[in-house]
Amino acid sequence: MIDDHELSKHVRQGSAVTLILGAGVSRCRGLPLWSELLRSAWKMVTNSDPYADDLDLLERAHQAGLKEGLPPEFVRRLDFYRHPLELQFAFECIFNRLRWSGTRNKLRAKLDLRTRKRSKSDLELSNEQQAAELFATLLRKILYHRYHRKIYSNNRIIQDTLTLVGSAVRQSALGAESDRRIARVITFNVDDLLEQTVNSGNRRRRPLALPVTRANDINRLSNRRSIEIFHLHGFVPERPSEYPFYTAGGGMIQDVRIPVESLVFTDEQYWRAVGNPTGFASRIFAQALDGICVFIGLSMTDINIIRWLAQYAMEAHRDFRLMTSAWVDQDKVEFDAVEELSRHYWIVERDFNDPSKKKPFNFGTRVLRDVLQLRGVDRIEIPSWQSKEFHTWWSKCFLS
């Protein structure tokens with residue numbers, strides 16, 4: 001039995017939710033995690049493996065620990081200390097190399113782009129735009145290299161997490177606006193797997209799921225059949241030509257350039273886009289926190305998400321404490337402040353490390369759980385993403 005902290009009750013009563021997706025949702029289709037994406041990109045640009053020495057040394061440490069009789073649970077947790085911004089810094093180093101024409105020419109040859117005739121508009125791009133375009137092309141090449149369009153087992157299509165999410169989004173798009181269980185989707189993935197899943201077989205002129213990557217994209221949402229998919233870290237679709245620009249007047253501009261400058265991979269790109277408290281990404285996330293948010297496929301350790309939650313929680317708690325300043329029981333003030341804020345949910349697999357089940361989390365996980373609860377996020381623990389129990393609960397909550 002899954003304890004969903006009354007999420008299904010809120011949904012049945014008509015509260016549409018915002019789904020907030022992370023890399024775990026696309027992982028089931030073969031797409032790499034951020035660390036894997038970085039490793040592949042670094043190899044392509046520098047001809048070297050950034051983690052080769054680390055992994056070799058770590059494996060030797062694991063073997064030595066097991067040989068000395070250390071507990072396997074302890075040995076599995078051995079790892080290198082990683083700077084919390086290591087991935088952003090490393091992607092910044094890659095992007096900086098692409099600012100140099102010599103590096104770009106070598107990479108184009110590796111990606112087999114030299115043989116293709118470049119258009120006049122491509123040649124007129126600035127040096128920075130050329131670097132951004134090639135960076136996006138590199139990401140596209142790595143992202144979709146191992147992409148599995150359908151997952152099979154004994155000739156049956158498995159209902160993976162992406163399929164479940166896509167089905168729920170599609171049903172909300174096809175239903176009346178008052179009956180929608182999903183209001184919008186926010187994703188930190190740059191791929192278009194969700195759009196492909198939702199729009200598959202759709203014969204309507206406008207797709208049921210529309211990617212939104214910049215403020216101007218919101219103009220094309222006059223057709224309320226479409227569910228907006230906000231890509232806060234940018235957008236690198238498999239086939240960019242499939243995403244024309246729909247004007248506010250109902251027209252369609254076919255030949256548009258995907259805004260690769262909106263990608264958020266490097267530390268510099270973060271401060272340009274996400275780091276702006278009044279920018280597009282911050283506004284969209286803040287608006288979502290006014291309603292009910294469901295986090296899926298996220299580790300919830302992203303410092304940017306934690307900061308957004310903290311900013312919202314601090315403001316909400318401050319306002320509630322001011323409203324109840326005359327209350328005699330200040331403990332009740334603190335309790336009710338948390339209760340009033342508690343309307344977000346993080347779906348996560350249960351941790352069965354402790355056989356007694358009395359302490360299922362290690363210290364770091366317990367602290368993360370407690371801090372998220374203070375910021376309005378409850379854990380919905382599921383046996384696994386493949387479990388029948390989770391699929392049944394999801395169907396009853398979002399598809400029935």
Side-chain angles (χ1 to χ4, degrees), residues 5 7 17-27 33-35 37-38 79 81-92 184-190 230-234 262-321 334 337-349 351 360-381:
H5 300 277
L7 170 60
V17 308
T18 296
L19 299 183
I20 301 181
L21 310 181
V25 174
S26 300
R27 177 70 169 169
L33 299 176
W34 266 49
S35 58
L37 184 63
L38 167 65
D79 200 353
Y81 168 75
R82 304 289 184 190
H83 191 283
L85 299 179
E86 176 180 284
L87 295 178
Q88 290 173 227
F89 288 164
F91 274 116
E92 185 159 327
R184 70 184 70 82
V185 177
I186 291 175
T187 178
F188 291 93
N189 300 327
V190 299
F230 292 94
H231 290 263
L232 299 192
H233 277 179
S262 65
L263 289 174
V264 181
F265 277 79
T266 74
D267 194 55
E268 178 183 341
Q269 290 168 340
Y270 161 73
W271 287 111
R272 188 188 310 130
V274 183
N276 180 3
T278 62
F280 171 70
S282 297
R283 294 200 313 271
I284 295 301
F285 204 92
Q287 290 169 6
L289 291 178
D290 284 330
I292 298 176
C293 295
V294 178
F295 296 84
I296 307 174
L298 287 154
S299 65
M300 298 301 283
T301 56
D302 187 316
I303 193 65
N304 305 328
I305 295 177
I306 296 297
R307 285 171 177 167
W308 277 329
L309 288 169
Q311 289 171 349
Y312 189 88
M314 286 188 297
E315 185 174 356
H317 284 158
R318 181 201 63 195
D319 292 344
F320 190 84
R321 287 168 185 142
E334 295 303 314
V338 174
E339 287 292 297
E340 286 297 315
L341 187 67
S342 182
R343 58 174 174 272
H344 308 308
Y345 305 87
W346 175 30
I347 301 178
V348 61
E349 289 184 330
D351 189 339
F361 315 109
N362 59 42
F363 175 71
T365 307
R366 290 201 302 271
V367 170
L368 177 61
R369 176 197 60 185
D370 293 345
V371 168
L372 287 175
Q373 194 167 28
L374 289 173
R375 293 175 183 177
V377 183
D378 286 317
R379 289 170 59 108
I380 297 179
E381 297 177 10

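Each residue takes its place number in the sequence, starting with 1. Given the structure is predicted, the values throughout are model-derived calculations rather than measurements.
No side-chain donor-acceptor contact under 3.5 Å links His231 to the backbone of Thr187. The closest donor-acceptor contact from the side chain of Arg283 to the backbone of Thr278 lies under 3.5 Å. Side-chain atoms of Trp346 come within 3.5 Å of backbone atoms of Leu298 as a donor-acceptor pair (strictly under, hydrogens ignored). Under a 3.5 Å cut-off, the side chain of His344 and the backbone N or O of Ile292 do not form any donor-acceptor pair. Between the side chain of His5 and the backbone N or O of Arg379, at least one donor-acceptor pair lies under 3.5 Å.
Atoms OG and CG, from Ser35 and Leu87 in turn, are 6.5 Å apart once rounded to the nearest 0.5 Å. Atoms CZ and CG, on Arg27 and Leu33 in that order, are 4.0 Å from each other to the nearest 0.5 Å. For the atom pair Asp370 CG and Arg375 CZ, the distance stands at 12.0 Å (nearest 0.5 Å). The distance from atom CG of Leu309 to atom CG of Leu374, rounded to the nearest 0.5 Å, is 11.5 Å. Leu21 contributes atom CG, which lies 8.0 Å from atom OG of Ser26 (distance to the nearest 0.5 angstrom). For the atom pair OG (Ser282) and CZ (Arg307), the distance works out to 11.0 Å, reported to the nearest 0.5 Å.
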Step by step, would you call Glu315 with Arg318 a side chain to side chain contact (heavy atoms under 4.5 Å, CB included)? CA-CA 5 Å; Glu315 185 174 356; Arg318 181 201 63 195; 3.7 Å; yes

Report the C-alpha separation of Thr18 and Ile186 in whole Å, then their side-chain angles, then the decisive distance to 0.1 Å, and conclude whether the side chain to side chain contact (heavy atoms under 4.5 Å, CB included) test is met. CA-CA 7 Å; Thr18 296; Ile186 291 175; 4.1 Å; yes

Would Leu85 and Glu92 satisfy side chain to side chain contact (heavy atoms under 4.5 Å, CB included), going step by step from the backbone distance to the final call? CA-CA 11 Å; Leu85 299 179; Glu92 185 159 327; over 6 Å; no

Could you walk me through whether Glu334 and Val338 pass the side chain to side chain contact (heavy atoms under 4.5 Å, CB included) test, one step at a time? CA-CA 7 Å; Glu334 295 303 314; Val338 174; over 6 Å; no

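The shortest heavy-atom contact between Ala288 and Cys293 is O-SG, 3.3 Å. Nearest heavy atoms, Ala316 versus Leu341: CB-CD1, 3.7 Å.
Among residue pairs with one or both ends in residues 292-317, those qualifying as ring-ring contact (aromatic ring centres under 6.0 Å, His included) are Phe285-Trp308; sequence neighbours excluded.
Every ring pair (Phe, Tyr, Trp, His ring centres under 6.0 Å) that Phe188 has, sequence neighbours left out, goes to His233.
Phe265 and Phe91 have perpendicular rings, their planes meeting at more than 60° on a 0 to 90° scale where under 30° would count as parallel.
Tested against Gln88, the residues Asp267, Leu38, Thr266 include a single side chain to side chain contact (heavy atoms under 4.5 Å, CB included) partner, Asp267.
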